[in-house]
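Written below as C-alpha coordinates is the structure these notes are about.
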Amino acid sequence: MKRRVFVLIIAAALVLALLIWLLWANSSPAATQVTVASGALPEAFEGFKIAHVSDLHNAVFGRKNEKLLSLIRAAKPDIIAITGDLIDSRHTDIDSALAFVEAAAEIAPVYYVTGNHESRLDFDEIEPRLIAAGARVLRNEAEDIGRGGERIRLAGIDDPSFIRTGGTAEERAAAELEQLGDGGGTFTVLLAHRPELVEVYAEYGAGLVLSGHAHGGQVRLPLLGGLYAPGQGLLPEYDSGLYSLGETQMVVSRGLGNSVAPLRVNNRPELVVVTLSR
(Lines give C-alpha, C1' and ligand atoms only; values in the text may rest on other atoms or scores of the structure.)
Protein backbone atom coordinates (compact mmCIF):
# COMPACT_ATOMS: atom_id res chain seq x y z
CA MET A 1 0.00 0.00 0.00
CA LYS A 2 2.80 2.42 0.88
CA ARG A 3 4.52 1.68 -2.42
CA ARG A 4 1.27 2.34 -4.31
CA VAL A 5 0.76 5.67 -2.55
CA PHE A 6 4.36 6.63 -3.27
CA VAL A 7 3.93 5.83 -6.97
CA LEU A 8 0.72 7.87 -7.12
CA ILE A 9 2.42 10.83 -5.47
CA ILE A 10 5.31 10.69 -7.93
CA ALA A 11 2.91 10.40 -10.88
CA ALA A 12 0.86 13.36 -9.63
CA ALA A 13 4.03 15.42 -9.16
CA LEU A 14 5.18 14.62 -12.69
CA VAL A 15 1.78 15.57 -14.13
CA LEU A 16 1.80 18.83 -12.15
CA ALA A 17 5.35 19.63 -13.29
CA LEU A 18 4.37 18.94 -16.91
CA LEU A 19 1.32 21.21 -16.61
CA ILE A 20 3.39 24.02 -15.09
CA TRP A 21 5.98 23.64 -17.86
CA LEU A 22 3.29 23.73 -20.54
CA LEU A 23 1.67 26.84 -19.09
CA TRP A 24 5.03 28.60 -18.78
CA ALA A 25 6.13 27.65 -22.28
CA ASN A 26 2.86 28.78 -23.86
CA SER A 27 3.08 32.20 -22.20
CA SER A 28 6.79 32.83 -22.86
CA PRO A 29 7.64 33.80 -26.44
CA ALA A 30 11.21 33.33 -27.63
CA ALA A 31 13.20 34.95 -30.44
CA THR A 32 14.67 32.67 -33.10
CA GLN A 33 17.52 34.04 -35.23
CA VAL A 34 17.59 33.01 -38.90
CA THR A 35 20.14 34.22 -41.46
CA VAL A 36 19.09 34.10 -45.10
CA ALA A 37 21.99 34.33 -47.57
CA SER A 38 21.49 35.19 -51.24
CA GLY A 39 23.90 36.43 -53.87
CA ALA A 40 20.97 38.29 -55.45
CA LEU A 41 20.63 40.55 -52.42
CA PRO A 42 21.90 44.12 -53.06
CA GLU A 43 25.04 44.90 -51.05
CA ALA A 44 23.37 47.79 -49.25
CA PHE A 45 20.97 45.32 -47.61
CA GLU A 46 23.68 43.27 -45.93
CA GLY A 47 22.49 42.85 -42.33
CA PHE A 48 18.94 44.07 -43.02
CA LYS A 49 16.69 42.70 -40.25
CA ILE A 50 13.06 41.68 -40.39
CA ALA A 51 11.07 40.86 -37.24
CA HIS A 52 8.62 38.21 -38.44
CA VAL A 53 5.35 38.01 -36.47
CA SER A 54 2.85 35.32 -37.44
CA ASP A 55 -0.34 33.74 -36.10
CA LEU A 56 -0.71 35.88 -33.00
CA HIS A 57 -4.41 34.89 -32.84
CA ASN A 58 -5.16 37.66 -30.35
CA ALA A 59 -2.70 36.24 -27.83
CA VAL A 60 -1.35 38.71 -25.28
CA PHE A 61 2.05 38.11 -23.68
CA GLY A 62 2.34 40.24 -20.58
CA ARG A 63 0.54 43.52 -20.01
CA LYS A 64 -0.26 45.07 -23.39
CA ASN A 65 1.90 42.42 -25.08
CA GLU A 66 5.03 43.88 -23.50
CA LYS A 67 6.89 40.53 -23.51
CA LEU A 68 6.55 40.28 -27.28
CA LEU A 69 7.21 43.95 -27.91
CA SER A 70 10.37 43.75 -25.80
CA LEU A 71 11.66 40.92 -27.98
CA ILE A 72 10.98 43.00 -31.09
CA ARG A 73 12.75 46.06 -29.63
CA ALA A 74 15.77 43.94 -28.66
CA ALA A 75 16.03 42.66 -32.25
CA LYS A 76 16.33 46.24 -33.59
CA PRO A 77 14.58 45.34 -36.85
CA ASP A 78 14.54 47.49 -39.95
CA ILE A 79 10.96 46.39 -40.60
CA ILE A 80 8.30 44.22 -38.94
CA ALA A 81 6.41 41.72 -41.10
CA ILE A 82 3.07 40.31 -39.90
CA THR A 83 2.12 37.28 -41.97
CA GLY A 84 -1.54 36.71 -41.14
CA ASP A 85 -3.90 35.48 -38.45
CA LEU A 86 -3.15 38.45 -36.24
CA ILE A 87 -6.82 38.30 -35.26
CA ASP A 88 -8.58 35.08 -34.28
CA SER A 89 -11.98 34.50 -35.88
CA ARG A 90 -13.18 32.35 -32.97
CA HIS A 91 -12.07 34.57 -30.08
CA THR A 92 -11.98 37.91 -31.83
CA ASP A 93 -10.48 40.95 -30.14
CA ILE A 94 -9.82 43.57 -32.78
CA ASP A 95 -8.87 46.29 -30.28
CA SER A 96 -6.12 44.10 -28.80
CA ALA A 97 -4.71 43.39 -32.26
CA LEU A 98 -4.77 47.08 -33.19
CA ALA A 99 -3.04 48.03 -29.93
CA PHE A 100 -0.22 45.61 -30.76
CA VAL A 101 0.17 47.00 -34.28
CA GLU A 102 0.21 50.57 -32.98
CA ALA A 103 2.93 49.75 -30.44
CA ALA A 104 4.95 47.75 -33.00
CA ALA A 105 4.79 50.63 -35.49
CA GLU A 106 6.63 52.80 -32.96
CA ILE A 107 9.57 50.36 -33.21
CA ALA A 108 9.84 49.95 -37.00
CA PRO A 109 7.66 50.13 -40.12
CA VAL A 110 4.99 47.41 -40.03
CA TYR A 111 3.93 45.45 -43.12
CA TYR A 112 0.90 43.19 -42.90
CA VAL A 113 -0.76 40.46 -44.96
CA THR A 114 -3.92 38.56 -44.19
CA GLY A 115 -4.38 34.97 -43.08
CA ASN A 116 -7.31 32.61 -43.33
CA HIS A 117 -8.79 33.88 -40.05
CA GLU A 118 -9.06 37.43 -41.35
CA SER A 119 -11.04 36.08 -44.33
CA ARG A 120 -13.79 34.97 -41.92
CA LEU A 121 -14.19 38.48 -40.51
CA ASP A 122 -15.39 41.77 -41.98
CA PHE A 123 -11.94 42.75 -43.19
CA ASP A 124 -13.27 45.76 -45.10
CA GLU A 125 -14.05 47.23 -41.69
CA ILE A 126 -10.77 46.11 -40.10
CA GLU A 127 -8.35 47.19 -42.82
CA PRO A 128 -8.72 50.99 -42.40
CA ARG A 129 -8.25 50.58 -38.66
CA LEU A 130 -5.02 48.63 -39.24
CA ILE A 131 -3.80 51.39 -41.55
CA ALA A 132 -4.68 54.03 -38.96
CA ALA A 133 -2.71 52.04 -36.37
CA GLY A 134 0.37 52.25 -38.57
CA ALA A 135 0.38 49.09 -40.70
CA ARG A 136 1.07 49.01 -44.42
CA VAL A 137 -1.45 46.42 -45.57
CA LEU A 138 -0.27 44.58 -48.70
CA ARG A 139 -3.18 42.99 -50.57
CA ASN A 140 -1.68 41.59 -53.78
CA GLU A 141 0.59 44.63 -53.80
CA ALA A 142 4.30 45.40 -53.69
CA GLU A 143 6.49 48.35 -52.85
CA ASP A 144 10.19 49.07 -52.96
CA ILE A 145 12.34 49.58 -49.89
CA GLY A 146 15.42 51.70 -50.44
CA ARG A 147 18.75 51.59 -48.64
CA GLY A 148 22.11 53.05 -49.58
CA GLY A 149 20.95 53.86 -53.09
CA GLU A 150 19.77 50.29 -53.75
CA ARG A 151 16.41 48.63 -53.30
CA ILE A 152 14.57 45.41 -52.62
CA ARG A 153 10.92 44.69 -53.26
CA LEU A 154 8.48 43.79 -50.49
CA ALA A 155 5.35 42.06 -51.78
CA GLY A 156 2.32 40.60 -50.06
CA ILE A 157 -0.72 38.58 -51.05
CA ASP A 158 -4.05 37.90 -49.39
CA ASP A 159 -4.67 34.43 -48.07
CA PRO A 160 -6.29 32.43 -50.93
CA SER A 161 -9.42 32.00 -48.79
CA PHE A 162 -10.30 35.60 -49.63
CA ILE A 163 -11.14 34.36 -53.14
CA ARG A 164 -14.49 32.71 -52.51
CA THR A 165 -14.96 30.77 -55.73
CA GLY A 166 -12.94 29.05 -58.42
CA GLY A 167 -9.81 26.97 -58.49
CA THR A 168 -7.52 25.35 -55.95
CA ALA A 169 -5.57 27.29 -53.32
CA GLU A 170 -2.53 27.01 -55.60
CA GLU A 171 -4.42 28.47 -58.55
CA ARG A 172 -5.87 31.29 -56.48
CA ALA A 173 -2.46 32.18 -55.04
CA ALA A 174 -0.94 32.14 -58.53
CA ALA A 175 -3.66 34.52 -59.73
CA GLU A 176 -2.88 36.89 -56.85
CA LEU A 177 0.84 36.79 -57.60
CA GLU A 178 0.14 37.59 -61.22
CA GLN A 179 -1.34 40.90 -60.09
CA LEU A 180 2.02 41.84 -58.57
CA GLY A 181 4.08 41.73 -61.78
CA ASP A 182 7.59 40.30 -61.85
CA GLY A 183 9.48 43.18 -60.24
CA GLY A 184 11.99 43.49 -63.07
CA GLY A 185 14.58 41.29 -61.41
CA THR A 186 14.55 43.14 -58.08
CA PHE A 187 15.16 40.87 -55.08
CA THR A 188 11.66 40.20 -53.73
CA VAL A 189 10.64 39.37 -50.17
CA LEU A 190 7.14 37.88 -50.33
CA LEU A 191 4.80 37.84 -47.35
CA ALA A 192 2.34 34.95 -47.81
CA HIS A 193 0.49 33.16 -45.03
CA ARG A 194 0.54 29.55 -46.27
CA PRO A 195 3.89 27.70 -46.53
CA GLU A 196 2.45 24.67 -48.32
CA LEU A 197 2.13 26.83 -51.47
CA VAL A 198 5.90 27.30 -51.70
CA GLU A 199 6.08 25.82 -55.21
CA VAL A 200 3.76 28.60 -56.41
CA TYR A 201 5.96 31.22 -54.74
CA ALA A 202 9.09 29.71 -56.26
CA GLU A 203 7.56 29.68 -59.72
CA TYR A 204 6.75 33.35 -59.24
CA GLY A 205 10.44 33.98 -58.51
CA ALA A 206 10.40 35.24 -54.94
CA GLY A 207 13.88 35.44 -53.41
CA LEU A 208 12.56 35.02 -49.86
CA VAL A 209 9.13 34.04 -48.57
CA LEU A 210 7.93 34.62 -45.01
CA SER A 211 5.05 32.36 -43.94
CA GLY A 212 3.29 30.98 -40.89
CA HIS A 213 -0.03 29.09 -40.66
CA ALA A 214 1.43 25.74 -39.57
CA HIS A 215 1.77 26.69 -35.88
CA GLY A 216 4.94 24.61 -35.83
CA GLY A 217 2.78 21.51 -36.05
CA GLN A 218 1.19 22.49 -32.68
CA VAL A 219 2.79 19.46 -31.02
CA ARG A 220 6.47 19.00 -31.86
CA LEU A 221 7.92 15.52 -31.66
CA PRO A 222 11.64 14.89 -31.03
CA LEU A 223 13.49 14.19 -34.31
CA LEU A 224 10.23 14.25 -36.30
CA GLY A 225 9.12 17.88 -35.96
CA GLY A 226 5.51 19.04 -36.08
CA LEU A 227 2.64 16.61 -35.64
CA TYR A 228 -0.10 18.26 -37.73
CA ALA A 229 -0.58 21.43 -39.75
CA PRO A 230 -3.62 22.74 -41.65
CA GLY A 231 -3.25 22.27 -45.38
CA GLN A 232 -0.46 19.72 -44.86
CA GLY A 233 -1.86 17.08 -42.53
CA LEU A 234 0.21 14.75 -40.37
CA LEU A 235 3.97 15.31 -40.09
CA PRO A 236 3.93 18.46 -42.26
CA GLU A 237 6.87 19.11 -44.54
CA TYR A 238 6.94 22.88 -43.94
CA ASP A 239 6.36 23.60 -40.26
CA SER A 240 9.31 25.60 -38.90
CA GLY A 241 12.57 27.16 -40.00
CA LEU A 242 14.36 27.75 -43.30
CA TYR A 243 13.65 25.87 -46.54
CA SER A 244 15.03 26.19 -50.07
CA LEU A 245 13.35 25.45 -53.38
CA GLY A 246 15.53 26.42 -56.32
CA GLU A 247 16.40 30.11 -56.00
CA THR A 248 13.60 30.67 -53.49
CA GLN A 249 14.12 30.45 -49.75
CA MET A 250 11.26 30.33 -47.25
CA VAL A 251 11.20 31.01 -43.53
CA VAL A 252 8.25 29.46 -41.69
CA SER A 253 7.39 30.81 -38.26
CA ARG A 254 5.99 28.49 -35.61
CA GLY A 255 3.73 31.39 -34.73
CA LEU A 256 2.74 32.88 -31.42
CA GLY A 257 -0.87 32.11 -30.56
CA ASN A 258 -3.30 29.22 -30.72
CA SER A 259 -6.68 28.76 -32.30
CA VAL A 260 -8.51 25.41 -32.13
CA ALA A 261 -5.97 23.66 -29.89
CA PRO A 262 -5.47 25.62 -26.65
CA LEU A 263 -1.89 24.52 -25.91
CA ARG A 264 1.36 24.01 -27.76
CA VAL A 265 3.57 21.11 -26.75
CA ASN A 266 7.37 21.33 -27.07
CA ASN A 267 6.68 24.38 -29.24
CA ARG A 268 7.18 27.78 -27.62
CA PRO A 269 5.60 30.84 -29.22
CA GLU A 270 8.14 32.29 -31.64
CA LEU A 271 9.26 35.66 -32.93
CA VAL A 272 11.53 35.02 -35.91
CA VAL A 273 14.30 37.55 -36.53
CA VAL A 274 15.47 37.23 -40.14
CA THR A 275 18.82 38.76 -41.08
CA LEU A 276 19.55 39.14 -44.79
CA SER A 277 23.06 38.50 -46.02
CA ARG A 278 25.02 38.03 -49.24
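Because only heavy atoms are used, hydrogens play no part in the values below, and waters and symmetry mates are left out as well, while side chains stay in.
A pairwise comparison of heavy atoms in Y111 and I79 identifies CE1-CG2, 3.8 Å as the closest pair. The two residues V113 and A192 make their nearest non-hydrogen contact at CG2-N, 4.4 Å.
Side-chain N or O atoms of D55 include none that pairs as donor or acceptor with a backbone N or O of L256 at under 3.5 Å. In terms of modelled atom types and a separation under 3.5 Å, the side chain of T83 and the main chain of L210 share no donor-acceptor contact. Looking at Q232, its side chain does come within 3.5 Å of a backbone N or O of E237 through a donor-acceptor pair. Here the side chain of N116 pairs no donor or acceptor atom with the backbone of D85 at under 3.5 angstrom. Listed for the S211 side chain is no donor-acceptor partner under 3.5 Å among the backbone atoms of V252. A donor-acceptor pair is defined here as one N or O able to donate and one able to accept, closer than 3.5 Å; no such pair exists between the side chain of T188 and the backbone of L190. Checked by atom type and distance alone, the side chain of S89 never pairs as donor or acceptor with a backbone atom of R120 at under 3.5 Å. Put simply, the side chain of E141 never gets that close to the backbone of I157: no donor and acceptor are under 3.5 Å apart. When atom types are taken as modelled, the side chain of E118 and the backbone of G115 share a donor-acceptor pair closer than 3.5 angstrom. The main-chain N or O of A81 is never found under 3.5 Å from a side-chain atom of H52 such that the two would form a donor-acceptor pair.
Exactly one residue among H215, H213, R220, Q218 makes a side-chain hydrogen bond (donor to acceptor under 3.5 Å, both in side chains) with D239. That residue is R220. Only one option out of P29, S253, S27 pairs with P269 in a side chain to side chain contact (heavy atoms under 4.5 Å, CB included); it is P29.
Salt-bridge annotation for D78 and K49: absent, with no side-chain N of the basic residue lying under 4.0 Å from a carboxylate O of the acidic one. Taking the charged nitrogens against the carboxylate oxygens, E170 and R194 have no contact shorter than 4.0 Å, which rules out a salt bridge. With salt bridges taken as basic N to acidic carboxylate O contacts below 4.0 Å, none links R153 and D182. R136 has a carboxylate O that lies under 4.0 Å from a charged side-chain N of E143, or vice versa, which qualifies the two as a salt bridge.
With no hydrogens or angles considered, no side-chain donor-acceptor pair links R264 and N26 at under 3.5 Å. Judged by distance alone, the side chains of D88 and S259 do bring a donor and an acceptor atom under 3.5 Å apart. Side-chain contact annotation: N58 with S96, donor-acceptor N/O pair under 3.5 Å absent.
In the hydrophobic cluster analysis, where Ile, Leu, Val, Met, Phe, Trp and Tyr join through side-chain heavy atoms closer than 4.5 angstrom, M250 is grouped apart from F187.
Other residues, nucleotides and ligands contribute at most 12 non-hydrogen atoms within 6.0 Å of the CD atom of E247. The number of heavy atoms from other shown groups lying within 6.0 Å of CD (E46) is above 12.
In this structure, R139 forms no cation-pi arrangement with Y112, as its terminal cationic atom is not both closer than 6.0 Å to the ring centre and no more than 45° off the ring axis.
L221 is not listed as a side-chain neighbour of N266, based on a closest heavy-atom distance of 4.5 Å or more. Within the 4.5 Å cutoff, the side chain of Q249 has heavy atoms near those of the S38 side chain. Put simply, the side chain of T165 does not reach to within 4.5 Å of the side chain of I163, judged on heavy atoms.
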TODO: Carefully, step by step, assess R172 and E176 under the rule salt bridge (Lys or Arg N to Asp or Glu O under 4.0 Å).
DONE: CA-CA 6 Å; R172 285 176 276 160; E176 291 176 312; over 6 Å; no

